[in-house]
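Following: one structure in structure tokens, then a few remarks.
Every number for a ligand or one of its atoms is a count from 1 in the order of the listing.
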Amino acid sequence: MARPKIALIGGGQIGGVLAQLAALRELGDVVLFDIVEGMPQGKCLDIAEAAPVDGFDVSLKGANDYKDIAGANVVIVTAGLPRKPGMSRDDLIEVNSKIMRSVAEGIRDNAPDAFVIVISNPLDAMVTLCQKVTGFPAERVIGQAGVLDSARFQAFIAWELGVSVKDVNAMTLGGHGDDMVPLVRYASVNGIPVMELLEQKYGSAAKAKEVMEAMVKRTRGAGGEVVALLKTGSAFYSPASSAIAMAESILKDQKRVLPTCALLNGEFGVKGYYVGVPCVLGANGVEKILEFKLDAEEQAMMDKSVAAVKGLVDSLNL
Ligand code: A3D
């Protein structure tokens with residue numbers, strides 16, 4: 001039986017880590033595509049030569065021709081420019097939408113049965129464009145942002161409370177921008193509300209609220225925090241890990257509930273736009289969108305985040 005095939009479009013910072021993680025986890029054979037000649041081939045050779053040390057049995061191939069992605073089960077897209085200090089994700093729309101159009105055509109014409117996970121920014125707009133150009137059903141075209149935004153929120157909570165990241169549950173909804181919605185009410189340590197634990201730690205509800213607000217703010221600006229430190233690009237280890245978790249859930253039909261940028265059809269009061277929401281990801285892609293009641297404050301934050309997404313997506317005139 002043939003191994004699954006994973007095509008990575010964009011062989012830059014995130015693409016390279018994606019290739020290595022996919023190989024280390026033996027998710028399938030990897031094709032790393034980029035327009036730069038030699039670079040994806042070099043990265044693949046480098047990773048493949050670590051196989052005897054790490055002990056993985058998959059093949060890795062660098063490519064500059066879309067024909068090489070034929071038969072891919074999952075395609076992960078990172079083609080496009082990352083931001084530099086002082087830039088917002090939205091500043092990338094003009095240059096990255098041109099790139100995304102050509103990438104989506106390449107996927108449509110060469111891997112018509114693939115599931116597509118987009119990472120390129122501005123995320124919500126790039127997923128929308130990718131789905132429109134490929135014409136693939138929406139359950140097969142999704143975006144990675146929420147897994148990472150949620151992981152950052154979870155990490156900050158774990159560090160604050162001095163507990164394992166494995167026991168923290170927390171999620172962000174909405175667009176992948178400064179208005180994203182970290183859900184405080186549902187943040188827990190193995191089911192124990194985080195707010196209750198903060199109150200115990202600090203002895204007052206007011207201080208607990210202040211500490212949580214700081215973590216929410218840090219989560220919203222977490223991408224920018226890394227950009228400011230790196231100076232030459234944006235986060236790449238954590239976005240790669242996040243997209244691999246989504247790909248793995250689809251390839252292994254795990255049915256994990258992961259915050260996913262998915263096309264909504266009335267859920268959370270949104271119709272016809274891609275926005276981050278919890279989804280069941282399995283062998284059929286987005287198998288279910290898990291809708292639940294937001295309180296008035298959460299809904300207001302969600303509406304604000306969705307308005308920002310709509311403004312950007314509408315500017316593409318699709
Ligand atoms: P980078 O290291 O620059 O890699 C991008 C790659 O895309 C480069 O190797 C380019 O050669 C390649 N490329 C450019 N044009 C094309 C094309 N037409 N076809 C194929 N490949 C092309 O960037 P990166 O890997 O750090 O980031 C990639 C994207 O992910 C950027 O848009 C970032 O903003 C975005 N990003 C998203 C998140 C999310 O969580 C959503 C996080 C971090 C970065």
Side-chain angles (χ1 to χ4, degrees), residues 7-21 31-44 62-66 68-69 75-85 87-107 110 117-130 133 142-153 172 174-178 180 219-246 258-261 274-276 309 312:
L8 309 170
I9 312 295
Q13 295 280 67
I14 303 177
V17 181
L18 282 170
Q20 189 183 29
L21 288 177
V31 173
L32 184 65
F33 174 98
D34 205 286
I35 48 167
V36 178
E37 285 180 18
M39 182 267 281
Q41 290 83 354
K43 285 195 179 183
C44 282
N64 304 114
D65 187 333
Y66 273 106
D68 286 319
I69 73 165
V75 178
I76 305 178
V77 183
T78 62
L81 264 56
R83 53 187 172 142
K84 298 225 164 75
M87 285 174 88
S88 90
R89 296 178 180 94
D90 298 357
D91 294 335
L92 300 166
I93 191 159
E94 217 178 296
V95 57
N96 281 357
S97 56
K98 284 199 190 97
I99 293 172
M100 184 55 72
R101 275 182 198 280
S102 71
V103 168
E105 285 166 7
I107 298 170
N110 294 279
I117 303 171
V118 174
I119 309 185
S120 314
N121 272 319
L123 192 270
D124 309 276
M126 290 305 102
V127 188
T128 308
L129 182 57
C130 185
V133 175
I142 57 178
Q144 185 303 117
V147 175
L148 172 57
D149 296 330
S150 303
R152 287 168 167 160
F153 191 30
T172 63
H176 184 53
D178 299 342
M180 68 179 78
T219 300
R220 289 188 165 134
E225 188 180 349
V226 175
V227 171
L229 290 165
L230 292 178
K231 293 182 184 71
T232 51
S234 53
F236 54 100
Y237 295 110
S238 55
S241 293
S242 303
I244 288 289
M246 298 173 85
L258 295 174
T260 298
C261 184
Y274 267 92
V275 175
V309 171
L312 202 61

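- Every atom of ligand 1 is numbered from 1 in the order shown, and the set under 4.0 Å from a heavy atom of Leu148 is 40 (O).
- Taking every heavy atom of Val36 and a limit of under 4.0 angstrom, the matching atoms of ligand 1 come to 11 (O).
- Of all the atoms in ligand 1, the ones that sit under 4.0 Å from a non-hydrogen atom of Ala235 are 43 (C), 44 (C).
- In this structure, Ala79 and Val103 approach most closely via the heavy-atom pair CB-CG2, 3.8 Å.
- Annotation for ligand 1: atoms under 4.0 Å from non-hydrogen atoms of Phe33 are 20 (C).
- Contacts of Gln144 with ligand 1, taken as heavy-atom pairs under 4.0 Å, involve both backbone and side chain.
- Heavy-atom distances between Gly233 and ligand 1 stay at or above 4.0 Å for every pair.
- In terms of N/O distances under 3.5 Å, ligand 1 is approached by Ile14.
- Looking at Ser234 next to ligand 1, no N or O pair under 3.5 Å apart turns up.
- The CG atom of Leu92 sits 4.5 Å away from the CE atom of Met87 when rounded to the nearest 0.5 Å.
- With respect to atom 21 (N) of ligand 1, the closest heavy atom belonging to the protein is Ala79 CB, 3.4 Å.
- The single protein non-hydrogen atom nearest to atom 42 (C) of ligand 1 is Pro239 CG, 3.5 Å, given as residue, atom name and distance.
- For the residues Ile35, Asp34, Leu8, Leu32, the heavy atom positioned nearest atom 15 (N) of ligand 1 is part of Ile35.
- Ligand 1 has an N or O atom lying under 3.5 Å from an N or O atom of Asn121, backbone or side chain.
- Looking at atom 18 (N) of ligand 1, its nearest protein heavy atom turns out to be Ile99 CG2, 3.5 Å.
- Although no hydrogens or angles enter the test, the distance criterion places no donor-acceptor pair under 3.5 Å between the side chain of Ser238 and the main chain of Leu148.
- The ring pair (Phe, Tyr, Trp, His ring centres under 6.0 Å) test applied to Tyr274 returns no partner, not counting sequence neighbours.
- In this structure a side-chain-to-backbone donor-acceptor pair under 3.5 Å is missing from Asn110 to Asp68.
- Between the side chain of Gln41 and the backbone N or O of Gly38, at least one donor-acceptor pair lies under 3.5 Å.
- In terms of protein heavy atoms, atom 29 (C) of ligand 1 is closest to Thr78 O, 3.4 Å.
- Nearest to atom 5 (C) of ligand 1 by heavy-atom distance, out of Gly10, Ser238, Gly80, is Gly80.
- Interatomic distance, Thr78 OG1 to Phe236 CZ, rounded to the nearest 0.5 Å: 12.5 Å.
- Considering every non-hydrogen atom in both Leu8 and Gly15, the closest pair reads CD1-O, 3.9 Å.
- A donor-acceptor contact shorter than 3.5 Å links the side chain of Asn96 to the backbone of Asn121.
- Within the listing of ligand 1, atoms 34 (O) sit less than 4.0 angstrom from a heavy atom of Leu92.
- Note that CG of Leu32 and CG of Asn64 are 9.5 Å apart. Values are rounded to the nearest 0.5 Å.
- Closest to atom 2 (O) of ligand 1 among all protein heavy atoms lies Gln13 N, 2.8 Å.
- Atom 39 (C) of ligand 1 has as its closest protein heavy atom His176 NE2, 3.4 Å.
- Heavy atoms of Ser242 found under 4.0 angstrom from ligand 1: none, in either backbone or side chain.
- Distances from atom 4 (O) of ligand 1 to the heavy atoms of Ala222, Gly223, Ala240, Gly12 put Gly12 nearest.
- Per-residue contacts place Ser102 under 4.0 angstrom from the following atoms of ligand 1 (heavy atoms of the residue considered): 18 (N).
- The backbone N or O of Thr172 sits less than 3.5 Å from a side-chain atom of Ser150, completing a donor-acceptor pair.
- Side-chain atoms of Asp34 never come within 3.5 Å of backbone atoms of Ile9 as a donor-acceptor pair (strictly under, hydrogens ignored).
- Ranking the protein heavy atoms by distance from atom 3 (O) of ligand 1 puts Pro82 CD, 3.4 Å first.
- Atoms CZ and CG, on Arg152 and Asp149 in that order, are 6.0 Å from each other to the nearest 0.5 Å.
- Ligand 1 is approached by Met39 to a heavy-atom distance shorter than 4.0 Å.
- Checked against Val77 for a side chain to side chain contact (heavy atoms under 4.5 Å, CB included), the options Ile107, Ile117, Ile119 give a single hit: Ile107.
- With a 4.0 Å heavy-atom cut-off, ligand 1 is reached by the backbone of Leu81 but not by any atom from C-beta on.
- Remark: side-chain polar atoms of Lys43 are paired, donor with acceptor, to backbone N or O of Gly12 under 3.5 angstrom.
- If you look at Ile119 next to ligand 1, the close heavy atoms, those under 4.0 Å, come from the backbone and the side chain alike.
- Every atom of ligand 1 is numbered from 1 in the order shown, and the set under 4.0 Å from a heavy atom of Asn96 is 32 (O).
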